[in-house]
Number of protein chains: 2
Amino acid sequence: MTPPRSTLRADAQRNREQLIVTAAEAFASGRPISLDAIAKRAGVGNATLYRHFPTREDLVEEVYRDQIRPLREDARTLLATEPPAQALHAWMLRFADWAGERRGICEALVAMSASGRFGTGPVCDEVQQVLAMVLEAGATAGELRSDIDPTDVGGILAGLLSVAGAPEQRPQLNRMMDVVVDGLRPR
Amino acid sequence: MTPPRSTLRADAQRNREQLIVTAAEAFASGRPISLDAIAKRAGVGNATLYRHFPTREDLVEEVYRDQIRPLREDARTLLATEPPAQALHAWMLRFADWAGERRGICEALVAMSASGRFGTGPVCDEVQQVLAMVLEAGATAGELRSDIDPTDVGGILAGLLSVAGAPEQRPQLNRMMDVVVDGLRPR
DNA sequence: TTCACAAGCGGGGGCCTCCCCGTTTGTCTC
DNA sequence: GAGACAAACGGGGAGGCCCCCGCTTGTGAA
């Protein structure tokens, strides 16, 4: 009898990769694009797309999997040059810039948080890890509370972006982050 | 010649009210409902609905216009019995309960914030006023920063709800609000 | 009352998401 | 190689949002 399969069938693997490549190009163009259009452009049926990526977020997370990496380096640099709380604030702003340039990221993060899946998926996992690193540094320096779950901070960040993620709302976002970072300091 | 009109034509007024009544019933049933279905149920074409309420938020805000009132009284009571910062936290949780029971409110608040319209519309205007009242009390008591825009706090609140508004996320929401309220205290 | 016209109406249709289900195909075994 | 079977495919369609545009009707003026 056929054993249960752990890896994707070769054609499925090909389709999956083609979908990611196509979606990356489509997103990068800046123009809005429907999922069916991505599927068609990738030369597969829409059902294939939805089978590989049940939700739009799943696709978005895969597309930006590699692009998120440099933000970790940014965090390290910031931590090396600024006090942790300030570094946290600066990094969150940098992330806002990064997300602002990438269609769908912000909505994806909110959806992940709202469904309790923040931290699963390449992008929000990376965000969570970076936040954990910065929080840890802050706790060690006695500048940030040590009892905070990075998931909570990630959720707050996603929430703020969903409400004031547009470039023209940057001043408001900055003020809100100010409040949040202050709230993360020890009492 | 015909003078420019300031009030709605009689039939338009009737349709508008019928739409609100119908939407209120539909929302109250708890089941999801499409806007087209609301229009049909109200006995008008969908275009009529969209003419009166260009976005879903506009309709939602109208539907809950009256139901938001008691929350102001709640805020007064809380302020009379607890220190302002604590009252703020408690009120935000109460609002989360209120919003959780009302389909569409949370999404509407986020949309209003994201489009810079927070404070316009009956519900978010009331929220903003209540927050202003509590912040004012807190500032007077020296317990909360006096330089905070209620719109910012409303935005943060909307963001948190969009990310952790579900009843089972209440503990997380509570922790997040803790951080935010702490961040609103004077340094 | 009648008339002219702007205000308002409505449904058809485009585009979207996403599911359903009959068909095809890769892979493993012999 | 051939066959069996699960994995994967794809297109059609249901239902949602929202716009377009030709038709109807309430209203103020004569």
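Proteins come first, then strands; the chains are lettered A, B, ... in the order of their sequence lines, and each starts at number 1.
Straight-line distance from the CZ atom of A:Phe53 to the C1' atom of C:dT17: 16 Å, rounded to whole Å. Residue B:Arg14 contributes atom CZ, which lies 7 Å from atom P of D:dG26 at whole-angstrom precision. Summarising the geometry, the separation between CD on A:Gln13 and P on D:dC9 is reported as 11 Å, rounded to the nearest angstrom. In this entry the distance linking CG of B:Leu59 with P of D:dG16 reads 16 Å, nearest Å. Per the geometry, CG belonging to A:Leu49 stands 10 Å off P belonging to C:dC18, to the nearest Å. Residue A:Asp58 contributes atom CG, which lies 14 Å from atom C1' of C:dT17 at whole-angstrom precision. Put simply, CG on A:Asn15 is 12 Å from C1' on C:dG26, counting in whole angstrom units.
A donor-acceptor pair under 3.5 Å links the side-chain atoms of B:Trp91 to the main chain of B:Leu71, judged by distance alone. With hydrogens and angles ignored, the 3.5 Å screen pairs a side-chain donor or acceptor of B:Thr81 with a backbone N or O of B:Thr77.
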Could you check B:Arg117 against B:Asp58 for salt bridge (Lys or Arg N to Asp or Glu O under 4.0 Å), going step by step and ending with a plain yes or no?
-> CA-CA 11 Å; B:Arg117 293 184 295 149; B:Asp58 293 319; 3.6 Å; yes
Take B:Asp147 and A:Arg175, measure what salt bridge (Lys or Arg N to Asp or Glu O under 4.0 Å) needs, and give me the verdict at the end.
-> CA-CA 11 Å; B:Asp147 61 342; A:Arg175 293 196 303 272; over 6 Å; no
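Using a 4.0 Å cut-off between a side-chain N of Lys or Arg and a carboxylate O of Asp or Glu, A:Arg16 and A:Glu62 qualify as a salt bridge. Under the 4.0 Å criterion applied to side-chain N and carboxylate O atoms, B:Asp182 and A:Arg185 are not assigned as salt-bridge partners.
Contact between the side-chain N/O atoms of B:Ser34 and the OP1/OP2 oxygens of D:dC17 is found at a separation under 4.0 Å. Regarding contacts with the backbone of D:dA8, every side-chain N or O of A:Thr48 stays at 4.0 angstrom or more from both OP1 and OP2. Applying the 4.0 Å criterion to OP1 and OP2 of D:dA8, one finds that A:His52 has every side-chain N and O outside that range.
In this structure, the side chains of A:Val180 and A:His89 stay at 4.5 Å or more apart for every pair of heavy atoms. In this structure the side chain of B:Asp97 reaches within 4.5 angstrom of the side chain of B:Arg170, judged on heavy atoms. B:Val163 has its side chain out of reach of B:Leu160: every pair of non-hydrogen atoms, C-beta onward, lies at least 4.5 Å apart.
In the region residues 35-44 of chain A, proximity to DNA chain C at under 4.0 angstrom, judged on heavy atoms, holds for A:Leu35, A:Asp36.
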Quick tally for nucleotides 19-25 of chain C: nucleotides whose base has a protein heavy atom under 4.0 Å get B, sugar-phosphate-only ones S, the rest -, giving BB----B
